[in-house]
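Throughout, a chain's letter reflects where its sequence line sits, starting with A, and its residues are numbered from 1.
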There are 2 protein chains.
Amino acid sequence: MTTPPGRRERKKAATRRKIADTALRLFLERGYDAVGIREVAAEADVAVTTLFSHFPSKEALVFEQDADFEQRLIRAVTDRTPDEPLVPALRREIHALVRHCTADSASPVWHMVDTSPALRAYEESMRLRHAESLAAALTADPGLARTTTACRTIARFTIDAYALARESADPQAAVDEIFRMIEAAWAVT
Amino acid sequence: MTTPPGRRERKKAATRRKIADTALRLFLERGYDAVGIREVAAEADVAVTTLFSHFPSKEALVFEQDADFEQRLIRAVTDRTPDEPLVPALRREIHALVRHCTADSASPVWHMVDTSPALRAYEESMRLRHAESLAAALTADPGLARTTTACRTIARFTIDAYALARESADPQAAVDEIFRMIEAAWAVT
DNA sequence: GACCGTAACACTAACGGTTAGCTTTATGGA
DNA sequence: TCCATAAAGCTAACCGTTAGTGTTACGGTC
């Protein structure tokens, strides 16, 4: 634990980043389906097996920051001030996440995701994992005191809000509209 | 429409059923991952290309009745009596669907689904399609008069209810609990 | 009843993602 | 200095899936 990132770990991180950057660049230049794994590996100057030791699948190359999304959601629950109610905290975080991924700079990536069935399917199963993590955080919060089913339901609804808002013409308004519904749903539990 | 299924169509249906039955039998006997497509095709005595002309993917072999699920959901909306409110109609249908797929006879299949990541991912993207169809039916219902976002939201929530209930220890109770939340969400739109 | 368009099926060969098995390199600690 | 081990590499395949190209047999038409 006394090791301020050693050379080994730095090299590993560099390899990982080089692979991800190369992959994203090629995908955006020529299309996700038109670029093969062998090509990404060659361009990043690594072996195919190395690529797969850093990323579990081709789709995962596109969702590199996967874990960030999950962490932010969970922190929105665990790091909120003791008197702040749950749903507004979730809404605030979803607002921020939607704003982040509908920003102009991120738009080419999301356009690519939206037009590739494989990427859409992968994203959806990712979101499911996030919903499960969020549900676990809700269940663990002693201030909430709801059933497991209620927690899992609100977690799913929250992820739904993100997904629906992202596809909406007016994402921020959609978040508000859906969260009014979530607020009501939470209130009856 | 005056054609009482000709021989051609009967043979096609027979081939389709033979493939699906063979696949399900092999999958249950030896595990989904342990049985390859070439093996299913050989056992059903068809060419691999024939198999893929009947089913779009290996996973689709397991979810043969896919379309039924979707149709039932939509009919629950369109075929309800003019004065019956929406949410109870949806709840009734989800109750029936959950009962159907948690029946003892269906349990081995669902256990297989639950233990195969590929099948779970496929099921989830199937449900998404169903949610979109349901949302379209809701949007088209002149008696509802809600925003597109509200319709899509309720459609997703309904699918969530199905998915969560199926995994719950007491599925019927879970449906009721989640639908109390959906009822409240619908009421505020 | 012969005839033709076509739907269903078959065969081969390949492509692209993914993995197993094994070797090589280089880093961090003893 | 030397060893254990993590990282990366190479080969060779497996598996789902598809394109390309016939071949058969059904169904409607003359």
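Between the side chain of R10(A) and the base of dT27(C) there is no donor-acceptor pair of N/O atoms closer than 3.5 Å. Scanning atom types as modelled, no donor and acceptor separated by under 3.5 angstrom connect the side chain of R7(A) and the base of dG28(C). The base of dC11(C) is paired with the side chain of T49(B) by a donor and an acceptor separated by under 3.5 Å.
Taking atom CD1 on I37(B) and atom P on dG16(C), their separation rounds to 20 Å, with Å as the unit. Look at CZ on F52(A): it is 17 Å from C1' on dA7(D), rounded to the nearest Å. Nucleotide dT11(D) holds its C1' atom 12 Å from the CZ atom of R38(A), rounded to whole Å. Atom NE2 in H54(A) sits roughly 7 Å away from atom C1' in dA7(D) (whole-Å rounding). Between F55(B) atom CZ and dT18(D) atom C1' there is a gap of 18 Å when expressed in whole angstrom units. If you measure from atom NZ of K58(A) to atom P of dT18(C), you get 8 Å, rounded to the nearest angstrom. Put simply, CD on E39(B) is 14 Å from C1' on dG16(D), counting in whole angstrom units. Here the C1' atom of nucleotide dG17(C) and the CD atom of E59(A) are 9 Å apart, to the nearest Å.
A donor-acceptor contact shorter than 3.5 Å links the side chain of T102(B) to the backbone of V98(B). One N or O on the side chain of R146(A) and one on the backbone of W186(A) form a donor-acceptor pair closer than 3.5 Å. In terms of modelled atom types and a separation under 3.5 Å, the side chain of R156(A) and the main chain of D160(B) share no donor-acceptor contact.
Nearer the 5' end of DNA chain C, as judged by each residue's closest nucleotide, is the contact made by R8(B), out of R8(B) and T50(B). When each of V35(B) and K11(B) is assigned the nucleotide of DNA chain D bearing its nearest heavy atom, the one mapping closer to the 5' terminus is V35(B).
With respect to R92(B) and E84(B), a salt bridge is recorded, a charged nitrogen being found less than 4.0 Å from a carboxylate O. A salt bridge is absent between R129(A) and E123(A); no separation between the charged side-chain nitrogens and carboxylate oxygens falls under 4.0 Å.
Within 4.0 Å of V48(B), counting heavy atoms only, lies at least one base atom of the nucleic acid. At a threshold of 4.0 angstrom between heavy atoms, the contacts of D45(A) are confined to the sugar-phosphate backbone, with no base atom among them. Residue contacts shown for T15(A) are limited to sugar-phosphate atoms, with no base heavy atom under 4.0 Å away.
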